Visitor: 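One structure, pasted below without further comment.
Treat the numbers as computed from the prediction; the structure is a model and nothing was measured. Counting convention: from 1, in listed order, for ligands and their atoms alike.
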Amino acid sequence: MLLKDKVAVITGAASPRGLGFATARLFAEQGANVVIIDLDAAASRQAAATLGDAHLGLMANVADEAQVSAAVEQVLGRYGRIDILVNNAGITQPIKTLDIKRDNYDAVLDVSLRGTLLMSQAVLPAMRTQQGGSIVCISSVSAQRGGGIFGGPHYSAAKAGVLGLARAMAREFGPDNIRVNCIAPGLIQTDITAGKLSDEMKQTILSGIPLNRLGDAQDVARAALFLGSDLSSYSTGITLDVNGGMLIH
Ligand code: NAD
């Protein structure tokens, strides 16, 4: 088992078809104690319970500093350490540049970018004390190719911000044996786009994917396992593309 007795916190992991829950399940199968953090307390508890008794489901809005620190305190109270953080919580909005209002900007940037910063700030002191840890941040191919898949320009900006933040944290915390890496998924079939993509849109997207299929949550979960575990022990500050070849460059 790759994660035996490791403690892994995964944000946005209560959605049953989402990338976060698929990652939580795979991490649990690999021996980790998994903490699911999401907006709804009951949904988080329920998702954790389906993985077994060793796991914990907590409520926190990742963009709310007080809720984030309260959740991380509970994790440390129960397990005493945090080995892995997966910054997965995110929302998107399919709107164009001229339609982005302050509320749109705040909502999308707050979850992906502020949330990644706040959650990382909350776990880094414990990781530093332990002199080890792995932070995995979920960005998007939208950050690399300037959108054009589903999310609007503010989503691309938020996810590009995550890449920069992760690289800077990787540089700063490398001496403490804390690795920080990103995954940039392509189009993965989850509820984030459920019912919002027409067959025509899917066909157009598929024509640009050499592997000729959309991604599954498992495809991203396996990449998170690689980056979260010691399999990637000499990698920090990298961006792992999980997009079926959509962005060969
Ligand atoms: P999803 O909608 O299935 O899951 C997102 C989860 O995040 C939900 O459970 C939601 O409740 C939670 N969440 C939202 N705001 C939150 C907040 N403020 N605090 C805590 N939790 C919050 O989406 P998904 O497709 O599984 O997406 C997971 C991540 O992957 C997101 O960051 C998304 O931007 C990114 N991503 C997804 C795709 C894709 O095609 N599905 C592609 C690239 C990147």
Side-chain angles (χ1 to χ4, degrees), residues 9-26 35-48 57-68 70-72 85-94 106-119 122 136-145 147-152 154-163 165-166 182-197 201-202 205-206 209 213-221 223-224 239-244 246-247:
V9 175
I10 307 176
T11 67
S15 176
R17 281 170 20 95
L19 308 186
F21 186 67
T23 302
R25 196 170 44 214
L26 184 60
V35 181
I36 287 175
I37 291 184
D38 211 303
L39 289 170
D40 183 74
S44 295
R45 275 199 300 272
Q46 165 70 28
L58 298 174
M59 187 286 288
N61 174 351
V62 295
D64 182 313
E65 195 171 354
Q67 291 182 18
V68 163
V72 168
L85 166 66
V86 183
N87 282 307
N88 169 75
I91 58 169
T92 189
Q93 296 169 344
D106 287 349
V108 169
L109 273 282
D110 258 7
V111 184
S112 276
L113 191 49
R114 191 189 303 277
T116 295
L117 176 64
L118 291 179
M119 282 298 308
V136 182
C137 303
I138 307 297
S139 177
S140 170
V141 72
S142 296
Q144 301 158 307
R145 67 190 298 272
I149 303 290
F150 185 76
H154 54 334
Y155 178 75
S156 298
K159 293 300 193 182
V162 167
L163 296 180
L165 174 62
C182 287
I183 297 174
L187 185 57
I188 319 290
Q189 304 184 79
T190 70
D191 289 338
I192 210 167
T193 49
K196 297 174 202 149
L197 277 179
M201 283 161 85
K202 274 191 195 161
I205 293 166
L206 271 178
I209 301 179
R213 67 171 176 88
L214 301 185
D216 289 329
Q218 272 298 321
D219 294 317
V220 177
T239 301
L240 185 52
D241 292 352
V242 182
N243 60 29
M246 185 194 272
L247 191 83

Visitor: Check contact between Ala22 and ligand 1, using heavy atoms of the residue and a distance below 4.0 angstrom.
Guide: no
Visitor: Where's the contact between Thr190 and ligand 1, heavy-atom distance under 4.0 Å: side chain, backbone, both or neither?
Guide: side chain
Visitor: With respect to atom 10 (C) of ligand 1, which of Asp38, Asp64, Leu214 exhibits the smallest heavy-atom separation?
Guide: Asp38
Visitor: Is Ser139 near ligand 1, meaning one of its heavy atoms is under 4.0 Å from it?
Guide: yes
Visitor: Could you tell me whether a side-chain N or O of Thr11 sits under 3.5 Å from a main-chain N or O of Asn87, the two making a donor and an acceptor?
Guide: no
Visitor: To which protein heavy atom is atom 29 (C) of ligand 1 closest, and what is the distance rounded to 0.1 Å?
Guide: Asn88 O, 3.0 Å
Visitor: Which of these, Ala89, Gly90, Ala43, Gly18, has its nearest heavy atom closest to atom 5 (C) of ligand 1?
Guide: Gly90
Visitor: Tell me the contacting part of Gln189 for ligand 1: side chain, backbone, both, or neither, using a 4.0 Å heavy-atom threshold, strictly below.
Guide: neither
Visitor: Would you mind telling me if ligand 1 is within reach of the side chain of Phe150, the backbone, both or neither, using heavy atoms under 4.0 Å?
Guide: neither
Visitor: Starting from atom 7 (O) of ligand 1, locate the nearest protein heavy atom and write down its residue, its atom name and how far away it is, to 0.1 Å.
Guide: Gly12 CA, 3.3 Å
Visitor: How close does the nearest protein non-hydrogen atom get to atom 41 (N) of ligand 1, and which residue and atom is it?
Guide: Ile188 O, 3.1 Å
Visitor: Please work out, at 4.0 Å between heavy atoms, whether the side chain, the backbone, both, or neither of Asp110 comes within that distance of ligand 1.
Guide: neither
Visitor: Would you say Gln67 has more than 12 foreign heavy atoms packed within less than 6.0 Å of its CD?
Guide: yes
Visitor: Counting non-hydrogen protein atoms only, what is the nearest one to atom 37 (C) of ligand 1? Give residue, atom name and distance.
Guide: Leu19 CD1, 3.9 Å
Visitor: Tell me which part of Ser142 gets within contact of ligand 1: side chain, backbone, both or neither, using heavy atoms under 4.0 Å.
Guide: neither
Visitor: Below 4.0 Å from any atom of ligand 1, is there a heavy atom belonging to Thr11?
Guide: no
Visitor: For the residue pair Asp241 and Gln144, confirm or rule out a side-chain donor-acceptor distance under 3.5 Å.
Guide: yes
Visitor: What residue and atom, counting heavy atoms only, is the protein's closest point to atom 17 (C) of ligand 1, and at what distance?
Guide: Leu39 CD2, 3.5 Å
Visitor: Quick one: nearest non-hydrogen protein atom to atom 19 (N) of ligand 1, plus distance?
Guide: Val62 N, 3.0 Å
Visitor: Got the closest protein heavy atom to atom 38 (C) of ligand 1, with its distance?
Guide: Gly186 O, 4.0 Å
Visitor: Quick one: nearest non-hydrogen protein atom to atom 4 (O) of ligand 1, plus distance?
Guide: Ser15 CB, 3.9 Å
Visitor: Does ligand 1 have a heavy atom under 4.0 Å from the side chain of Ala13, from its backbone, from both, or from neither?
Guide: neither
